[in-house]
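The block underneath contains the structure these notes are about, expressed in structure tokens.
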Protein chains: 2
Amino acid sequence: MASESVGGAARTRPSTRRKHTEILDAAISIFGTKGYANGTLADIADQVGLTHAGVLHHFGSKQNLLLQTLAYRDETDVKDLVEKHIPDGPELFLHLVRTAFANAHRAGIVQVYTVLSAESVTEDHPARPFFEERYATLRREVSDAFRVLCEQEGVTEPDTIDVASASILAVMDGLQLQWLLHPAKIELAGATEFAIRAIVNAVLSPGPELSSYRSDEARPTGDTDRPRT
Amino acid sequence: MASESVGGAARTRPSTRRKHTEILDAAISIFGTKGYANGTLADIADQVGLTHAGVLHHFGSKQNLLLQTLAYRDETDVKDLVEKHIPDGPELFLHLVRTAFANAHRAGIVQVYTVLSAESVTEDHPARPFFEERYATLRREVSDAFRVLCEQEGVTEPDTIDVASASILAVMDGLQLQWLLHPAKIELAGATEFAIRAIVNAVLSPGPELSSYRSDEARPTGDTDRPRT
DNA sequence: GTCTATATGCCGATAGAC
DNA sequence: GTCTATCGGCATATAGAC
């Protein structure tokens, strides 16, 4: 059974391992285009020239295939960054923007994360622990970068850093969703760059409160009265 | 058949219409907790004391029930805003923050939008047109508010407004996802307020570029342009 | 390692009794 | 308006041949 090979052991033959990753790639494609609940083992099997029983021989169960798929995607991303080790300082913000530029040419990867992360909040979803840990880790990394930046540039309340870190990840995710819905209307990379810049600058110097932009105190009838300059 | 009653006609008996909305409320709950693909008509039927055949009598098909459910949610939201008509000026930004405060006590509503909007990007999903139109409309409304604000406060390139509008909706969605995963770690309303404020301020005065924060020893010019008031 | 065949179950939708 | 009964389809997973 494949269930015991956790770290991708070397005990299997090369052709087997090749098929293994071939299935994982197909799973990314299917879970991305149809979701986990709606995508089927037969869909994945078709894409690699097997039957669903063949896929189950490699992964034991659909749920295990999902978890292996998420782990596989993560380790592939990390591999791309080996020695280009994730920057731990303010460079991280530039790295996030570069990631957005890369993602604009990887709709499949973006979609599988968008679809599965949202699906993971549903009842007893097997991917939920994965995404909980993923976001907790990412927020910690972004917060660390903020702390380094704040030491360099000035001071800021630690509470603001947590909120800003979550906001940066949030705006990246949200823009991806809108981009998947309207690829022609959303410029993923440019918008991500703008938003991250806005949030980083807000941490370093907050600027005026929103309420200071209020056009008036009370609207009497609420008819079409325009705020004048 | 209920398929022809588009606007919620008055031709049906009150008890029937009551059951109708009862089913729609159950559908919000089920589609939110299990998703559209995974939630079943029997789940929804159980929640209102019917069989799945009873639900189908009211809505004809599962797909139609989903569309009616989305329309029902939208018109309920609008009803809450009747006479409190959505502000069309800079007040809109404060309204969005207030919405986030309200949402922090409506996890079910937040979850159904989060789950279904992401699911809608999957293959031939029946809710896709709904969310495409929803985001296009919301971006237009936020952009309108930005244009009014920019007339008051200064000038800005129209391109920035589009990017900022998408970013504001994005950060709201993304924070909702993280909040659903970690309710104790994310302060939905406070974070939303911070992020919207950051983006609005960035539109009015951009501030330094991200690359100016690079920690690299060699930096072209030593100036780090210190931001505004 | 991959297949065919099958067990088992759930789903959406329809038909017709009450 | 709601039910029971049922049809047809498809899902995951298992068993065993090759």
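In the text below, chain A, chain B and the rest are named by the order of the sequence lines, each starting its count at 1.
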Spacing between A:K62 atom NZ and D:dA11 atom C1', to the nearest angstrom: 8 Å
Closest contact, heavy atoms only, A:L56 versus A:K62: CD2-N, 4.2 Å
Nucleotide interval of DNA chain C bounded by contacts with chain B (heavy-atom cut-off, under 4.0 Å): C:dC11 to C:dT14
Nearest-Å distance for atom pair CD/P, residues A:Q63 and D:dA13: 8 Å
Cation-pi check, B:R134 onto B:Y113 ring (under 6.0 Å, within 45° of axis): yes
B:L116 side chain near B:F131 side chain, heavy-atom distance below 4.5 Å: yes
Value in whole Å for how far the P atom of D:dA15 lies from CG of A:L56: 13 Å
Shortest non-hydrogen separation from B:V171 to A:S167 and the atoms involved: CG2-O, 3.5 Å
side-chain contact (heavy atoms from CB on, under 4.5 Å) assessment of B:R106 paired with B:N103: CA-CA 5 Å; B:R106 303 191 307 172; B:N103 282 343; 2.7 Å; yes
NZ/NE/NH1/NH2 to OD/OE distance under 4.0 Å, B:D144 and B:R140: no
Sugar-phosphate, base or nothing in reach of B:T16, heavy atoms under 4.0 Å: sugar-phosphate
Of residues 24-43 of chain B, the positions that come close to DNA chain C - non-hydrogen atoms, cut-off under 4.0 Å: B:G39, B:T40, B:L41
Test item: side-chain donor near acceptor, B:T40 and B:D43, under 3.5 Å: yes
Pairs meeting criterion side-chain hydrogen bond (donor to acceptor under 3.5 Å, both in side chains) with involvement of residues 179-194 of chain B, two or more places apart: A:R139-B:H182
